[in-house]
Amino acid sequence: MSKINDFLTEAGTFYLATIDGSQPKLRPLGLHFELDGKVCFGVGKFKNVYKQMQANPLVEIVACKPDGHWLRYTGKAVFDDDSKYVEKAFETMPQLREIYTDTSIMGVFHLEDATAVDIPMMGEGESLL
């Protein structure tokens, strides 16, 4: 998991793809952290992205580093209800406290049944899991 977390840190912004009915939806994210052997992400429970993952938890995260390597991290989004995950999200990105004054509206998730591949600009990818 540390390899995935480190990749996302180096990339900075990454993209989360969900499905809205039959239409794919893609959005940029930046929040990620490693806790309890999981790479975790956060979204607002009031947002469409959260509703989309509740309806269809299969998602994909893509990130690209400055050296041209890109990550394809695919799996099933599983939300973690323990408050320690929300606290870690706020510790990782303190400015979220201004947006999520009610901590119950922050949804933190990780991927299960996942694959993660580091893909160079040219050549074969390498599994990170």
Side-chain angles (χ1 to χ4, degrees):
M1 285 299 144
S2 291
K3 288 181 181 180
I4 295 168
N5 196 59
D6 292 347
F7 194 110
L8 293 169
T9 297
E10 190 174 339
T13 302
F14 53 92
Y15 299 87
L16 171 66
T18 60
I19 297 292
D20 186 11
S22 62
Q23 179 66 46
K25 297 288 183 173
L26 189 66
R27 81 268 305 141
L29 295 177
L31 173 64
H32 67 91
F33 57 89
E34 190 173 354
L35 185 62
D36 297 335
K38 306 174 206 176
V39 177
C40 299
F41 309 91
V43 298
K45 291 181 178 179
F46 58 92
K47 293 184 174 184
N48 287 336
V49 62
Y50 178 83
K51 295 171 192 163
Q52 291 158 8
M53 287 191 284
Q54 292 298 305
N56 182 347
L58 300 178
V59 301
E60 186 163 90
I61 292 170
V62 172
C64 187
K65 295 192 303 187
D67 68 3
H69 278 245
W70 59 285
L71 170 72
R72 183 184 299 273
Y73 186 30
T74 306
K76 179 181 176 184
V78 176
F79 282 87
D80 297 298
D81 292 329
D82 190 316
S83 63
K84 72 180 179 182
Y85 293 102
V86 173
E87 284 306 313
K88 181 67 173 179
F90 290 152
E91 177 186 315
T92 303
M93 196 174 275
Q95 62 270 36
L96 290 175
R97 287 192 189 277
E98 296 171 20
I99 300 168
Y100 297 95
T101 55
D102 175 359
T103 60
S104 70
I105 62 173
M106 166 65 82
V108 175
F109 68 95
H110 68 277
L111 301 188
E112 289 187 358
D113 303 323
T115 61
V117 182
D118 176 346
I119 305 166
M121 192 177 303
M122 302 296 289
E124 295 294 318
E126 172 190 345
S127 176
L128 298 181
L129 293 177

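We count residues from 1, following the sequence as given.
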Name each donor-acceptor pair under 3.5 Å that joins a side chain in residues 112-120 to protein atoms two or more places apart or in another chain, with its distance.
from   : atom 1 : to     : atom 2 : distance (Å)
Glu112 : OE2    : His110 : NE2    : 3.0
Asp118 : OD1    : His69  : ND1    : 2.6

Can I get a per-line list of side-chain donor-acceptor pairs under 3.5 Å for residues 38-49, giving both atom names and the distance, sequence neighbours left out?
from  : atom 1 : to     : atom 2 : distance (Å)
Lys38 : NZ     : Asp80  : OD1    : 3.1
Lys38 : NZ     : Tyr85  : OH     : 3.1
Lys45 : NZ     : Ser104 : O      : 3.4

Mind listing the side-chain donor-acceptor pairs of residues 121-129 below 3.5 Å, one per line with the distance, residues two or more places apart or on another chain?
from   : atom 1 : to     : atom 2 : distance (Å)
Ser127 : OG     : Leu129 : N      : 3.3
Ser127 : OG     : Leu129 : O      : 3.1

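Rounding to the nearest 0.5 angstrom, the gap separating the SG atom in Cys64 from the CZ atom in Phe14 is 14.0 Å. Taking CE of Met1 as the start and CG of Leu111 as the end, the distance is 8.0 Å to the nearest 0.5 Å. For the atom pair OG1 of Thr101 and CE of Met106, the computed distance is 11.5 Å after rounding to the nearest 0.5 Å. Rounded to the nearest 0.5 Å, atoms NE2 (His32) and CD1 (Ile4) are 11.5 Å apart.
For Gln95, the CD atom sits in a packed shell: over 12 heavy atoms of surrounding residues, nucleotides or ligands are nearer than 6.0 Å.
Tracing side-chain contacts under 4.5 Å through hydrophobic residues (I, L, V, M, F, W, Y), one reaches Phe90 starting from Ile99; they form part of the same cluster. In the hydrophobic cluster analysis, where Ile, Leu, Val, Met, Phe, Trp and Tyr join through side-chain heavy atoms closer than 4.5 angstrom, Leu31 is grouped apart from Ile61.
The salt bridge (Lys or Arg N to Asp or Glu O under 4.0 Å) test applied to Arg97 returns Glu87, not counting sequence neighbours. Partners of Gln54 under the side-chain contact (heavy atoms from CB on, under 4.5 Å) rule, at least two apart in sequence or in another chain, are Tyr50, Phe79.
For the pairing with Thr18, the side chain to side chain donor-acceptor pair (under 3.5 Å) check across Lys25, Arg27, Gln23 returns one residue only, Arg27. Partner Leu8 forms a side-chain contact (heavy atoms from CB on, under 4.5 Å) with one of Thr13, Leu71, Leu29 and no other, that one being Leu71.
Under the 4.5 Å side-chain criterion, counting only non-hydrogen atoms from C-beta, Tyr73 is not in contact with Val59. Inter-residue side-chain proximity for Leu16 and Met53 is flagged as met; some heavy-atom pair is nearer than 4.5 Å. Side chains of Trp70 and Lys65 form no contact here, defined as non-hydrogen atoms less than 4.5 Å apart.
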### Query
What's the verdict on side-chain contact (heavy atoms from CB on, under 4.5 Å) for Asp6 and Glu34, showing C-alpha distance, side-chain angles and the deciding distance?
CA-CA 9 Å; Asp6 292 347; Glu34 190 173 354; 5.6 Å; no
### Query
For Asn5 and Lys3, what are the C-alpha separation, side-chain angles and deciding distance, and is it a side-chain contact (heavy atoms from CB on, under 4.5 Å)?
CA-CA 6 Å; Asn5 196 59; Lys3 288 181 181 180; over 6 Å; no
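Of all heavy-atom pairs between Ala77 and Phe109, the closest is CB-CD1, 3.9 Å.
Residue Ile19 is found outside any hydrophobic cluster, as its side-chain heavy atoms come under 4.5 Å of no other Ile, Leu, Val, Met, Phe, Trp or Tyr.
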